[in-house]
Amino acid sequence: GCGASGDPAGGAHGDRLTLGTTQIMQFDPYQTNSALHIHSFYSYLIDYAPGGYRTVPAGAEKWTIGSDFRSVTITLRAAKFHDGRAISAEDVVAGVKRALNPKDGFTLVQPSEFIEKATAVDKRTVRIDFHYAVAEGIVLDWMFSFPLVPADHNSGAALANKPAGSGPFRLVEYDPNRRLRLARNADYWDKGKPRLKEIEFRFFQDDQAMVSALQSGDVDGAMYLEFNDVAQLKDQFTVAQGSGRMDIFFMNGGMPPFDNVRLRQALARAIDREKIIKQVRFGIGDPVYAPIMPGSAGFDKSYLTSHAFDLDAAARLLKKAGGERRATAAVSSDPGASQMMQIIQDDFKKIGFELTLKPMEATAFLNDLFAGKLECCVANQPNTLQSPGLVARGRAMLPSQDNVMMKNRVPQSYIDAVHACNTATNAAAQRDAYARLNKVIVDGAWAVGISTKKSLAGLRRQISGYAVDQRDYLILDNLRTR
Amino acid sequence: MRAAGSGRLRPATAEPHPVEEHPGEPALRISDLVVEFSTPAGTVRAVDHVTYQVARGETLAVVGETGSGKSVTVLAALGLLSAGNVRRVSGRAEVAGQDLLALPARERRTRLGADVAMIFQDPMSALDPVQRVGDQIAEALRAHDRALTARTARARVLELLTLVGVPQPAIRYDQYPHQFSGGMCQRVVIAMAIANRPKVLIADEPTTALDVSVQAQILELLRLAARETGAATVLITHDLGVVAEMADRAAVMYAGRIVETAPVARIFDRPQHPYTASLLASLPRLDQPQGRLRAIPGQPPDLRERSAGCAFAPRCPIGGDRPECRTERPVLVARDDGAVACHHAGQAVTLLPQPDARPSVAPPARPDDAPAVVEVVGLAKVFPIRRGLLARTVATARAVDGVDLRIGHGSTLGLVGESGCGKSTLARSLLRLLEPTAGSIRIDGADLLRANGRQLRRLRQRVQMVYQDPYSSLNPRLSVGDNAAEPLRLAGVPRTQRRRTVLELFEKVGLRPEHADRLPAEFSGGQRQRVAIARALAPSPAVVIFDEPVSALDVSVQAQVLNLLRDLQDETGVAYLFVSHDLSVVRQMADTVAVMYLGAIVETGAASQLYRRPRHPYTRALLDSIPVPDPSIRRQRVPLTGDPPDPTAATTGCRFRSRCPLGRERAACADRTPELRQVDGRWTACHFAEEVA
Amino acid sequence: MATLSMASERVRARSGARTFLSRYARSRSAVVGAIGLLVIVVCAVAAPLLAPYDPTAQSAGSLLGPSGSHWLGTDDLGRDILSRAIYGARASLTVGCGSAALGALLGVPLGVVAGYLGRWTDSVSMRFVDLLLAVPTVLLALVITAVIGASRINLIVAIGVAAIPQFARLARAATLSIRDRDFVVASRGMGASTPDTMFRTVLLNLLGPIMVQLVITASLAVVVEAGLSVLGLGVPPPTPSWGGMLQEARGYLYQSPTFGVFPGLCLAITVFCMDRVGHGLRVAVGVESAGATTRAVI
Amino acid sequence: MSAYLLRRVGQFLVVLVLASIAVWAMVYALPGDAATVLAGPDASGPQIAATRARLGLDKPVVVQYLLWVKGAVTGHLGQSFYSADSVSHTLAERIPATVQLAVLGMLLALLIAIPIGTLIALRPRSLLARLLHGYLTAGLAIPSFWLALLLIITLAVRTHALPATGDYVNFWQHPVAALRWSILPAIAVAVHGSCIIARFLATSLSEVMQRDFIRTVRAKGVRESRVVIRHAMRNAALPTVTVVGIQLGSLLGGTVVIEALFNYPGLGRLLYTSIGQRDYAVVQGGVLFVVVVFLVLNLLVDLLYAYLDPRIRLA
Ligand SMILES: Nc1ncnc2c1ncn2[C@@H]1O[C@H](COP(=O)(O)OP(=O)(O)OP(=O)(O)O)[C@@H](O)[C@H]1O
Ligand SMILES: Nc1ncnc2c1ncn2[C@@H]1O[C@H](COP(=O)(O)OP(=O)(O)OP(=O)(O)O)[C@@H](O)[C@H]1O
Ligand SMILES: [Mg+2]
Ligand SMILES: [Mg+2]
């Protein structure tokens with residue numbers, strides 16, 4: 001419970017909630033694509049209904065895609081930013097401009113790549129022109145990723161520490177090492193929402209500390225739980241799942257021994273998805289064969305059987321592949337990464353391939369990963385949007401020489417397939433493009449899918465209305481307590 | 001005897017508190033006291049049926065070698081044994097008829113400090129270092145008088161401080177023990193002891209840690225204290241001189257038992273126990289010609305291994321082989337004015353050296369003009385005293401200040417002086433362990449101070465040193481053999497040859513070859529000093545410097561070592577520089593003596609002359625300060641006053657002026673620094689040497 | 001020389017080693033500690049013979065409770081906990097002893113030189129030591145493991161470097177206390193060179209306290225290693241280490257208590273044994289003060 | 001005394017400068033920088049370069065260090081890469097939390113240690129002393145993070161008696177809440193500390209009790225309680241002060257693991273996170289604080305020592 005003021009106790013209070021989470025560092029929606037709180041500050045053009053890709057109007061009231069698939073016209077909702085100013089087409093124009101600037105657009109650069117320009121038609125209408133005909137899914141995914149930010153605040157410097165959106169909550173207090181406090185935005189366009197007056201995020205560095213906090217009642221909910229926590233929480237708490245991301249086993253095709261594609265293909269058959277899901281993810285999550293989400297139109301589950309775990313096949317292939325039989329695997333500090341890699345190591349050993357594990361501190365891991373220095377590793381891959389071609393957003397999946405896993409060995413067929421996916425405007429072309437993409441990724445075998453990695457949250461039973469969108473953003477406006 | 005004693009100690013006129021004498025009821029009576037400790041190696045009976053008593057106004061001296069149980073007896077009697085391994089304390093300890101040991105601890109505590117007071121050996125460590133000196137005395141008062149106000153207590157303390165001779169008591173009250181010299185600390189402890197006018201005063205080696213000059217002052221003070229309070233005094237000591245000087249009666253302890261007790265004159269005159277007699281015989285004496293000492297062989301017994309017979313038998317020159325001494329423990333029986341525990345009590349007297357029986361032939365006089373091994377001219381060593389942020393020199397200590405010395409081949413130069421006068425500094429300078437500030441040192445004619453690395457190493461082989469504390473001068477982690485071989489190793493002698501040389505040396509100094517592989521910790525002080533001597537002799541030096549080689553040893557062992565040194569000198573012809581503050585020991589060893597005061601030699605000459613007729617008032621006073629182990633020549637002292645001086649203080653004129661009975665008011669002494677000049681066949685640095693008789 | 005005959009002078013005849021042992025044995029808990037430590041060392045050395053399973057084999061089901069085939073059950077990856085705990089002794093002991101040894105190897109000479117030579121040598125060395133003391137150990141360990149990667153050797157380096165100050169200070173204080181003792185002076189007086197005096201005469205006499213400090217540091221290092229494991233900076237998997245097992249077990253404290261309890265117990269027992277051995281050594285070599293100059297680093 | 005103080009301050013500054021260089025060098029030696037962290041896993045090369053430029057990380061290391069020194073001299077410890085707050089402000093938020101935990105932990109440790117140490121020293125053979133000996137041995141053997149886990153499970157998760165997490169609440173404003181939110185971490189750090197201190201106190205107290213002057217005091221007929229409190233304790237306090245100082249110093253430096261386990265918002269956690277995020281200015285400022293605390297504490301211990309020991313005070 002909570003007593004005197006100044007007591008940082010949790011305790012669902014009717015209109016006040018305390019949620020535990022990992023640290024939050026960013027208020028700039030251009031700089032992050034998976035920080036849970038961003039959705040509370042900003043409205044996006046559209047939302048996907050939780051659990052799928054059904055579009056829901058949000059910042060945009062309605063939109064029309066040109067018949068040539070080379071433009072979209074968007075009508076904005078009459079709504080206000082937190083500072084009281086009305087949202088206008090100019091804000092979108094400025095936002096697109098920023099998104100197109102490779103130095104400042106950050107996470108929006110890649111999804112906005114197809115856009116040529118944005119023009120304000122009137123105060124609340126804006127027209128976006130494309131470079132080329134683009135698949136509808138790509139446009140929707142872009143709208144889903146595009147936040148509404150006041151034009152005069154739309155820069156990294158202005159947003160670094162101060163959000164400026166039109167979302168359901170406003171910032172009250174931010175202490176980078178302790179907490180983030182949000183209060184209801186009374187002017188929010190969706191009347192009746194948000195339902196809570198105040199939400200406090202408490203930052204935890206240690207997952208177990210967060211679980212204990214939940215169990216002892218210090219917090220009302222805990223976001224981003226680890227999988228092993230579920231077993232002990234599920235009897236007393238609601239465990240909610242978000243779509244999450246994917247765990248992918250990457251092999252660096254740019255350096256020995258993984259520059260040998262047949263070796264990669266052989267090892268790809270030695271990844272025991274079932275065991276990993278069972279032991280590391282506690283049965284939560286679905287197997288994937290490549291960085292394509294099971295819900296996506298591009299997902300082809302036949303690959304899960306044709307390229308299933310098969311040590312004998314792997315051993316046979318390995319024998320044919322030849323080459324060096326040992327490598328070093330970098331292990332990030334991500335929860336589960338070590339166990340996953342130990343299972344892979346164990347299986348590889350059975351077919352005569354020695355993996356040496358090298359645990360790395362988080363930032364050092366990222367640094368080496370980005371520099372293309374890692375021989376192999378397990379890493380998260382976001383490709384949670386509906387267009388399979390957006391797989392190319394990940395730095396290990398870039399269809400260019402910047403690809404950190406393949407460098408200049410990126411197969412031309414992959415580059416072509418990605419482009420085909422993004423520009424396929426009719427069903428047949430899409431089917432064909434997706435099939436090509438699947439095949440080239442599976443054959444290239446530098447990014448072997450393991451499973452989806454759901455994002456988990458434990459909540460007190462009184463809490464309902466919890467939802468996570470496809471990007472893993474928390475949808476807080478419907479959250480309420482009984 | 002006691003009548004005579006009391007007459008002297010307590011002149012009836014000066015009697016502030018008339019003392020009733022109860023010859024039948026002693027102030028303190030310890031009877032049948034047994035103290036046992038349990039140790040990993042077995043039970044140690046440190047005190048074995050000890051019985052003694054003291055009457056009011058009487059002084060009983062308890063003497064014995066170290067470890068004989070003197071301290072444990074009194075500590076146990078007062079319930080002050082704090083060791084955790086006490087196994088048994090039985091017997092009675094009656095103070096004014098009340099048995100302390102029968103009292104509950106709380107009640108016994110209230111008797112301490114009020115009825116019985118104690119004075120301990122090491123005054124510096126006997127005081128709480130973090131409490132003000134005055135408060136510590138006041139505590140003694142207030143512990144027994146709750147009604148005492150702080151103000152009155154302070155006044156009383158100031159009185160007491162004045163009484164025990166602490167100057168400026170009002171200032172001293174608020175100082176801490178570290179600001180006091182050893183002698184001053186002991187005065188404070190005495191003040192504390194007499195604060196409540198106890199009936200019994202127990203002093204446990206009250207002067208052992210002090211300089212001779214200060215010792216005399218403290219003994220005087222103890223006498224005063226006994227007179228002031230009329231208390232019965234138990235004086236524990238191992239110094240027979242102090243016994244002769246102070247006591248009415250003496251009790252001799254050996255291995256936890258009283259072996260003899262008798263009036264002092266009788267003890268010295270006609271000792272009944274061979275141990276008493278042997279102790280007396282082993283003492284080097286100031287007043288008699290030098291000769292070989294009669295050392296008691298061996299060491300005190302190990303209290304863990306109790307033999308059935310007399311504990312002294314293994315070392316006894318009389319009983320040694322007689323069967324009754326080996327099998328039957330002698331009990332204390334009254335005999336000749338006292339009591340003795342010996343089967344052959346009558347024969348002990350024969351052990352005493354008869355004055356005429358001593359070899360009156362002085363060893364062949366070593367001619368003064370023998371070629372010099374060591375020649376020191378104008379040697380000075382000034383220590384800068386650094387303070388402050390940049391460690392600037394704020395003062396200097398002139399530890400050695402213009403010393404000339406000469407040691408002839410095969411001769412012994414004795415160097416005496418009070419603590420802090422610069423003896424050790426001088427000795428260390430001769431090895432260039434300290435870099436002298438000025439002067440020159442020649443070893444065998446070679447200039448030591450100009451020697452470069454190789455020459456220095458060679459010269460150092462010629463000069464070796466034996467240090468004061470046998471417990472710290474050997475490397476505790478090397479076997480004694482390796483310790484002795486160190487100079488050889490450093491000289492590059494191969495291992496096997498080193499071994500051979502060491503074994504030869506061991507035989508020479510009276511150690512067994514099989515001892516060579518043991519660690520120093522397994523040896524007694526005397527044995528260690530032998531190892532140190534072997535080490536010094538290893539590189540066949542021309543001169544060996546001894547810095548207080550026997551001051552840490554018991555008298556019996558001291559005699560052994562002194563004899564050994566003489567033998568070795570006769571055998572090898574090595575020259576000695578013998579540094580000591582003990583005039584008797586120097587007398588025993590030296591051909592020539594130099595007396596040092598505040599960094600300078602004040603008098604030097606042949607030992608026989610110097611001791612018989614000192615010409616410098618300082619030499620005179622030093623000699624006067626020494627208690628002579630002969631009660632028949634108790635004399636009125638003119639001991640040195642004051643503490644040994646501070647070498648940082650700059651003085652003009654005669655350094656000794658401030659403490660000199662002659663020079664205090666004389667202008668010459670203040671104006672001119674006296675130079676060494678020839679007086680009466682020796683060199684003396686005193687303007688008025690002729691007046692000293 | 002008749003009176004000097006040693007025949008009657010009894011030497012308390014006991015060899016140094018015997019004295020040492022008998023003094024050590026005076027403390028019963030020290031003996032228990034020594035035996036315990038011996039058992040742990042045997043476990044570490046003979047792990048392949050003692051462990052019922054390969055510590056990295058993921059054969060059985062995961063998180064099984066204690067049973068006849070797996071006395072302590074299995075861990076999250078289905079490995080035998082008992083086998084891992086037995087092998088875990090290797091990591092703990094090597095890191096513990098290795099880093100203590102490294103700290104001593106670097107710290108002791110530094111302290112001896114500083115204490116013996118004094119003046120600016122002393123000032124410079126002690127400022128360096130202050131610096132090491134002032135920078136938090138975890139930071140040091142973090143940086144070292146992040147820069148050169150987590151491995152047993154690197155952990156030893158990280159913890160060993162952090163242990164330098166303790167040894168340097170101890171050696172310096174001890175050197176200061178014996179620098180002016182007669183036998184050191186005597187060594188100089190006999191013509192020994194300064195290095196000879198420092199590293200033979202002086203150092204030889206510091207061995208006792210250093211030995212005690214070694215054991216204390218080793219016991220602390222075992223804990224620090226485990227603490228770093230909790231932060232994910234310990235010995236890399238799949239090599240079993242108690243700290244690593246504890247870290248792995250933290251997520252399963254409810255489902256499988258033996259998983260977490262046993263490595264913790266191993267850790268506590270090892271620290272206990274080392275502590276007692278340190279106590280025994282302290283008694284045996286006569287170092288009086290409790291060697292608590294070490295700080296809680298985690 | 002003042003010269004001594006001046007010299008200590010001089011040494012202090014030397015170590016401070018050395019430490020700042022060492023820390024800067026160390027943090028720079030770490031692979032990756034704040035731009036890597038900030039940009040996140042999906043950022044592209046040019047994005048990271050841009051971030052780097054924005055944060056000033058593209059300048060040479062030495063220039064960055066000198067810029068930092070320039071700021072530090074004028075009182076600006078720089079800016080965190082991750083928040084709007086200045087480093088001074090960030091530290092100012094953490095330091096009270098750490099100080100409160102350290103002080104509470106130390107008080108608790110002393111509260112446990114002093115009676116235990118005294119009892120063991122005075123009555124080493126009593127049954128109680130033997131039991132307490134067991135506590136000391138166990139307390140030293142059980143790693144504090146292990147104890148922390150046990151505390152969390154038993155007192156927080158199972159019984160809900162106390163919060164499982166720690167948090168900082170100003171003690172002077174809300175004493176009850178402050179205690180509630182920091183008592184468990186305080187216990188976790190206090191147990192180990194109390195064992196070390198108690199052991200040390202017991203050793204030095206029993207050493208003091210063997211000293212000659214205690215016998216003198218007893219021979220005066222002074223009550224035993226007074227012997228212990230006024231004479232023995234005062235002397236035994238001297239070496240104990242040093243240990244307490246060292247312990248307090250390491251607590252004030254932040255206890256990373258304990259803070260992580262209890263999610264306590266202290267300096268240790270801040271440093272740990274900041275290192276992970278390569279937040280150079282925060283790491284630098286934090287370590288500098290730790291160094292200053294360490295040095296000041298050393299100085300204070302020495303002064304206290306001098307205060308307690310007239311031999312030093314009056315030297
Ligand atoms: N706690 C103890 N445990 C074991 N033996 C002890 C203990 N205390 C004293 N002894 C032994 O008791 C014997 C008598 O000691 P005591 O101190 O009375 O000797 P002493 O005659 O006063 O000698 P000194 O002249 O050295 O003061 C010694 O042999 C000593 O070793
Ligand atoms: N390193 C030093 N720095 C300053 N003063 C010193 C130093 N060494 C000795 N002294 C001073 O020089 C004087 C002579 O000291 P030294 O040790 O030679 O005396 P000593 O005659 O051997 O005395 P003792 O009989 O006590 O051994 C003393 O007052 C001492 O305080
Ligand atoms: Mg004694
Ligand atoms: Mg001397």
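Proteins come first, then strands; the chains are lettered A, B, ... in the order of their sequence lines, and each starts at number 1. Atoms considered below: every heavy atom in the structure, side chains included; atoms not considered: hydrogens, waters and symmetry mates. What you see is a predicted model; the values in this text were computed from it and never measured.
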Please name all residues satisfying side-chain hydrogen bond (donor to acceptor under 3.5 Å, both in side chains) with B/Arg108, sequence neighbours left out, ordered by chain then number.
->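 None.
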Measure distances from D/Val208 to the heavy atoms of chain B and classify the residue's part below 4.5 Å as side chain, backbone, both or neither.
->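 The answer is neither part of D/Val208.
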Which region of D/Arg218, side chain (C-beta onward) or backbone (N, CA, C, O), has a non-hydrogen atom less than 4.5 Å from a non-hydrogen atom of chain B, or is it both or neither?
->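 Looking at D/Arg218, backbone and side chain both touch chain B.
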When heavy-atom pairs shorter than 4.5 Å are enumerated against chain D, which of B/Leu80, B/Thr110, B/Asp122 gives the highest number?
->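 Counting heavy-atom pairs under 4.5 Å, the top option is B/Leu80.
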Quick one: of B/Met118, B/Met124, B/Glu139, B/Arg106, who has the most non-hydrogen atom pairs under 4.5 Å with chain D?
->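 Highest number of pairs under 4.5 Å: B/Glu139.
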Residue B/Arg88 excluded, over 12 heavy atoms near CZ under 6.0 Å |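 Counting neighbours around CZ of B/Arg88, more than 12 heavy atoms of other residues, nucleotides or ligands fall under 6.0 Å, so yes.
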Please indicate whether D/His133 has more than 12 foreign heavy atoms, meaning atoms of other residues, nucleotides or ligands, lying under 6.0 Å from its NE2.
->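 Counting other residues, nucleotides and ligands, NE2 of D/His133 stays at 12 neighbours or fewer.
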Nearest 0.5 Å, what's the CD1-CG distance between D/Ile214 and B/Asp128?
->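 The distance works out to 6.5 Å.
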Which distance, rounded to the nearest 0.5 Å, do you find between the CZ of D/Arg215 and the CG of B/Leu112?
->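 Between atom CZ of D/Arg215 and atom CG of B/Leu112 there are 12.5 Å.
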If you look at every heavy atom in B/Pro129 and D/Asn235, which pair is closest and at what distance?
->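 Between these two residues, the closest heavy atoms are CG-OD1, 3.3 Å.
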Where is the tightest heavy-atom contact between B/Ser82 and D/Met209, given as atom of each residue plus distance?
->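 So the minimum-distance heavy-atom pair works out to OG-O, 4.5 Å.
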Under 3.5 Å, is there a donor-acceptor pair between the side chain of B/Ser125 and the main chain of D/Asp212?
->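 No, the answer is negative, given that no donor and acceptor are paired below the 3.5 Å cut-off.
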Would you say B/Gln131 and D/Arg234 make side-chain contact, with heavy atoms under 4.5 Å?
->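 The answer is yes; the side chains approach within 4.5 Å.
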Check each atom of B/Ile202 against the heavy atoms of chain D and say whether the ones under 4.5 Å are side chain, backbone, both or neither.
->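 Contact with chain D is absent: no heavy atom of B/Ile202 under 4.5 Å.
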Contacting region of B/Gln121 [heavy-atom separation from chain D under 4.5 Å] =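 No part of it gets close to chain D.
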Heavy-atom contacts under 4.5 Å, residues 219-233 of chain D to chain B |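 So far as heavy atoms go, D/Ala219, D/Lys220, D/Gly221, D/Val222, D/Arg223, D/Glu224, D/Arg226, D/Val227, D/Arg230, D/His231 are the residues that approach chain B to under 4.5 Å.
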